[in-house]
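Input: a single structure, listed below in structure tokens.
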Amino acid sequence: MSASPSESIPNATKAATPGTILVLRPDAMGDLVLFSASVGAMRELWPTARIAVLIRDSHADLARLLVPSVEWITTSIDPFAQGPEEKATELESVLHHVRQLHPEWVLAACSRRTWLDFSIAQVCPRARRVALASGEEDRYFGKTGSLPGKENPEIRYEEIVPLATDTQEWKRGFLLAEYLAGKKIEIRPPIIAIPENLRAEADTALKHLGLARGTFVACAAAGFSNVRIKTWPPDRFARIAAWLDKEMNVPVLLLGQESERDYLERIKTAARTKRVKIWLGKADELPLLAALLSTARLYFG
């Protein structure tokens, strides 16, 4: 990791290398992918530290392709959609794991504070607690008597790293790494490392569809399970797929999961070409999806 020695981060305190760093990032998959580049930077900055990252369990397989050299802790808790009263048993399991870690640094890395951040801080009163700034209050915090209020100094995040609103999302995580390091660091984009066994699986899947690597356009048209407003109507995807086939002589591979089959079939039917193919993956096949995307000539979405 190269750095600019002439530049420093104001108000940052450069501490000795911690034994264990706990990073809290239990938000959406796309956010995790973007944040992973800064986790890689932390790994290089503190090569001897134990770095554990708390994420949602549905992202575990993909996370291991992002930064293999850190420890990924998983939970079924979605603190943005669920309250502590709904996940009491799982919360106790997470807190038990955190106690066993004895983290010296606890980093609340999501852009919004949640009740889970404060619950973990509560069991790490001696840790250095640092958070990315957020002006949004968590709607679940304070609704339950099982957690103390934020005025309790033992669960407060005493160091706040301001968010730069004019900075691209994938670069924001580096603000946290730079603050902790006390200096500017090289900012690199996130990378998903595809191992050879996954590349072979992707080639096999493509062969069954009559496709080959580097010859097709990939499109995850139905990726709107949480926010439907993010997607186009299927006829628009169909028009582009038909144009790619007829004008550019390039086949299209629609990628999704079983629950999205009907939507993707509508696109394929409307495109009126046999060169629109569909691949439907299972919940545990995110790494294979990443491998398939890596073989595409182009992606549109």
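Just so it is clear, the structure is predicted and the values come from calculations on it, not from any experiment. Quick note: residue numbers are just sequence positions, from 1.
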My understanding is that only residues two or more places apart in sequence, or in another chain, count here; which of them pass salt bridge (Lys or Arg N to Asp or Glu O under 4.0 Å) with [X]?
| X | result |
| --- | --- |
| Asp61 | Arg64 |
| Glu265 | none |
| Arg43 | none |
| Glu92 | Arg99 |

Test of understanding: with side-chain hydrogen bond (donor to acceptor under 3.5 Å, both in side chains), list the residues that count as partners of [X], not counting sequence neighbours.
| X | value |
| --- | --- |
| Lys87 | Ser76 |
| Asp166 | none |
| Asp57 | none |
| Thr273 | Asp245 |

Does anything in [range] form a side-chain hydrogen bond (donor to acceptor under 3.5 Å, both in side chains)? List the pairs, not counting sequence neighbours.
| range | result |
| --- | --- |
| residues 280-300 | none |
| residues 202-222 | Asp203-Arg213 |
| residues 23-42 | Arg25-Asp27 |

Side chains of [X] and [Y]: does their closest heavy-atom pair fall under 4.5 Å?
| X | Y | result |
| --- | --- | --- |
| Val67 | Ile51 | no |
| Leu244 | Val276 | no |
| Leu289 | Trp279 | yes |
| Arg261 | Leu280 | yes |
| Leu293 | Leu255 | yes |

Identify the heavy atoms of [X] and [Y] that sit nearest to each other, and give their distance.
| X | Y | result |
| --- | --- | --- |
| Phe35 | Ala109 | CZ-CB, 3.5 Å |
| Phe174 | Arg188 | CZ-O, 3.4 Å |
| Leu45 | Ala177 | CD1-O, 4.1 Å |
| Ala63 | Ile55 | CB-CD1, 3.6 Å |
| Thr48 | Thr17 | OG1-CG2, 3.7 Å |
| Ser119 | Leu95 | O-CD2, 3.6 Å |

Count the heavy atoms belonging to other residues, nucleotides or ligands that lie under 6.0 Å from CG of Leu209, then report whether that count exceeds 12.
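Yes, the 6.0 Å shell around CG holds more than 12 heavy atoms from other groups.
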Report the residues that fulfil side-chain contact (heavy atoms from CB on, under 4.5 Å) with Ile192, sequence neighbours left out, ordered by chain and then residue number.
Leu62, Leu65, Leu66, Ile194, Ala290
